[in-house]
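Okay, structure first, notes after.
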Amino acid sequence: MSTNHLLEIKQYGQSIWMDNLTRDIIQSGELKDMVENQGISGITSNPAIFEKAIAGNVIYDADIEAGVRAGLPIQKIYESLVFADIRNACDILRPIYEASNRLDGYVSIEVPPTIAHDTEATITEARRYFQEIDRENLMIKIPGTETGLPAVEQVISEGMNVNITLLFSVESYINTAWAYIRGLEKRLAEGKDISRIVSVASFFLSRIDSNIDAKIDAKLKKGVDDIAVEAKLKAVKGKVAIANAKVAYQEYKKIVRSERWQELAAKGATVQRLLWASTSTKDPSYNDVMYIEELVGRDTVNTVPPATIKACADHCNVSDRLETDVDNAYTLIENLKDPDINIDLDVVMDELLDEGIDKFIQPFQSLMNSLEDKIKVLSPV
């Protein structure tokens, strides 16, 4: 029997979650097997994942038809499908939640992407999702936008587990970490327990390289006269996301050493782990598991899509690399400012955040349209 290299990662203090959820894998027992035997200790979902899971899948038709007969609006029918899957996944992962003393075993669901820039609506929906799904090992996903972070702070103070998503820049991660800390401090000031709240900060990877690689390719396509300049440009390709993540992890270490965090830890607070997201390699010329291999390290999570899970189980070369070549990571990020390269990382990160929200809104709306079409078919004449 071949070695499952995913199982080796846990010894380095990193958890592997799966970035996928469908009713098929719940009902077939596949998810249970992945949790019990293959090293998967959490689930993340998003509107794009549910759009793929539900659209055109007859496994949901009976529940959709029941919703139609009950006269439910489309949004409620959607929620009835998704909430049921989330609850069932939470139940499958409950043993991990208990065995890990609440560190792992979570299932993440995102608030509607259409309210990403509305603080109050995000708070309201987070409360409703947490109450209606009614599982201790649920995580509410909230985008780490300027308007999202006040919502993070508030729902943390109310005792909800939160996955802050769509983080691209190191600065956005730092802001997220302090929002978590402020939420815990607020809850503590109200005399409430902070020991049962868990949060992760989802730091995105491959989309960064895709964006920057495209910019570099455009420069190279225009033609570069100087061989040294061409070499500089090529040296950056496929390297920025991992370097950026390594820098973010160094900021994480500073935060957990801070006096404010130490005071919370003494009261039982659980550290907010960095979660590596968008970890499938988009460029086929790159190592297909590089966003896993290069970022294995203590107190982190990697959420991995199914194809990359299989690839890593088969041939990941696992070792503790998160804190290797850190000086080179800082240098590479600084080198982007070189006039010969001239890539403004702040601009890239802003582009990616806007694109990220849009990439969740589009499938969400597409799913609503698909449900509307299916409701027409299933509705009694």
Side-chain angles (χ1 to χ4, degrees), residues 2-6 8-9 14 16 18-20 48-49 52 167-169 202-249 275-297 300 302-322 324-338 340-345 347-349 351-352 355-356 359:
S2 60
T3 301
N4 177 356
H5 296 288
L6 285 171
E8 300 169 9
I9 291 175
Q14 182 176 86
I16 296 293
M18 181 167 67
D19 194 27
N20 187 53
I49 284 171
K52 288 178 184 175
L167 305 176
F168 296 97
S169 71
S202 291
F203 200 75
F204 280 53
L205 300 170
S206 63
R207 294 186 194 180
I208 295 173
D209 283 337
S210 295
N211 182 295
I212 289 176
D213 285 3
K215 288 176 167 58
I216 291 170
D217 286 341
K219 291 174 186 287
L220 292 169
K221 190 174 181 180
K222 286 181 181 178
V224 178
D225 296 331
D226 191 324
I227 294 175
V229 173
E230 184 179 349
K232 278 185 187 179
L233 289 166
K234 289 182 176 179
V236 171
K237 286 194 67 176
K239 300 288 194 302
V240 176
I242 288 170
N244 197 49
K246 289 187 174 186
V247 171
Y249 187 72
L275 177 149
W276 312 127
S278 182
T279 55
S280 61
T281 306
K282 305 298 189 289
D283 189 325
S285 69
Y286 296 159
N287 176 358
D288 62 348
V289 291
M290 70 181 193
Y291 297 115
I292 302 177
E293 288 183 345
E294 296 301 321
L295 295 173
V296 173
T300 58
N302 199 319
T303 188
V304 189
T308 310
I309 283 174
K310 290 179 182 177
C312 184
D314 178 67
H315 55 261
C316 259
N317 178 4
V318 179
S319 66
D320 193 347
R321 294 192 180 95
L322 183 52
T324 61
D325 297 322
V326 171
D327 289 344
N328 290 336
Y330 280 101
T331 300
L332 187 145
I333 298 297
E334 189 64 28
N335 284 348
L336 294 176
K337 300 174 185 175
D338 185 316
D340 292 331
I341 300 175
N342 192 29
I343 290 177
D344 189 327
L345 199 55
V347 170
V348 169
M349 299 312 184
E351 290 174 357
L352 288 168
E355 288 172 10
K359 283 181 179 178

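Only heavy atoms go into these numbers, but all of them, side chains included; no hydrogens, no water, no symmetry mates. Just so you know, these numbers come straight off a predicted model, no measurement behind them.
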Between the main-chain N or O of [Y] and the side-chain N or O of [X], is there a donor-acceptor pair closer than 3.5 Å?
{"X": "Lys246", "Y": "Asp325", "answer": "no"}
{"X": "Ser210", "Y": "Arg207", "answer": "no"}
{"X": "Gln14", "Y": "Thr300", "answer": "no"}
{"X": "Asp283", "Y": "Gly238", "answer": "no"}
{"X": "Trp276", "Y": "Thr303", "answer": "no"}

- Test side chain to side chain donor-acceptor pair (under 3.5 Å) on Ser278 and Ser206 and set out the steps. CA-CA 6 Å; Ser278 182; Ser206 63; 2.6 Å; yes
- Task: For the pair Ser202 and Leu275, evaluate side chain to side chain contact (heavy atoms under 4.5 Å, CB included) and give the outcome as yes or no after the intermediate values.
- Result: CA-CA 5 Å; Ser202 291; Leu275 177 149; 3.3 Å; yes
Counting only heavy atoms not in [X], do more than 12 sit closer than 6.0 Å to its [atom1] atom?
{"X": "Lys237", "atom1": "NZ", "value": "yes"}
{"X": "Lys310", "atom1": "NZ", "value": "no"}
{"X": "Lys282", "atom1": "NZ", "value": "yes"}

Do [X] and [Y] have a side chain donor and acceptor closer than 3.5 Å?
{"X": "Asp213", "Y": "Tyr286", "answer": "yes"}
{"X": "His315", "Y": "Asp288", "answer": "yes"}
{"X": "Asp209", "Y": "Tyr291", "answer": "yes"}

Look up atom [atom1] in [X] and atom [atom2] in [Y], then write down how far apart they are to the nearest 0.5 Å.
{"X": "Asn4", "Y": "Ile309", "atom1": "CG", "atom2": "CD1", "value": "9.5 Å"}
{"X": "Thr281", "Y": "Ile292", "atom1": "OG1", "atom2": "CD1", "value": "8.0 Å"}
{"X": "Ile216", "Y": "Lys221", "atom1": "CD1", "atom2": "NZ", "value": "15.5 Å"}
{"X": "Lys234", "Y": "Ile227", "atom1": "NZ", "atom2": "CD1", "value": "10.0 Å"}
{"X": "Met349", "Y": "Asp344", "atom1": "CE", "atom2": "CG", "value": "10.0 Å"}
{"X": "Asn328", "Y": "Ile242", "atom1": "CG", "atom2": "CD1", "value": "13.0 Å"}

- Item | Chi angles and distances behind the side chain to side chain contact (heavy atoms under 4.5 Å, CB included) call for Ile49, Asn20 | CA-CA 6 Å; Ile49 284 171; Asn20 187 53; 4.0 Å; yes
- Please step through side chain to side chain contact (heavy atoms under 4.5 Å, CB included) for the pair Val240 and Leu345, ending with a clear verdict. CA-CA 10 Å; Val240 176; Leu345 199 55; 4.2 Å; yes
- Message: Using side chain to side chain contact (heavy atoms under 4.5 Å, CB included), reason through Leu295 and Arg321 one step at a time and then give a plain yes or no.
- Response: CA-CA 6 Å; Leu295 295 173; Arg321 294 192 180 95; over 6 Å; no
State, with a plain yes or no, whether a side-chain heavy atom of [X] is found less than 4.5 Å away from one of [Y].
{"X": "Phe203", "Y": "Asn244", "answer": "yes"}
{"X": "Ile212", "Y": "Val348", "answer": "yes"}
{"X": "Cys312", "Y": "Ile9", "answer": "yes"}
{"X": "Val304", "Y": "Asp19", "answer": "no"}

Compare every heavy atom of [Y] with every heavy atom of [X], then report the nearest pair and how far apart it is.
{"X": "Cys316", "Y": "Val289", "result": "SG-CB, 3.8 Å"}
{"X": "Asp320", "Y": "Gly297", "result": "OD1-CA, 3.7 Å"}
{"X": "Asn342", "Y": "Lys219", "result": "O-NZ, 3.8 Å"}
{"X": "Val318", "Y": "His5", "result": "CG2-O, 3.6 Å"}

- Check ion pair Glu351-Lys215 (N to O, under 4.0 angstrom): yes
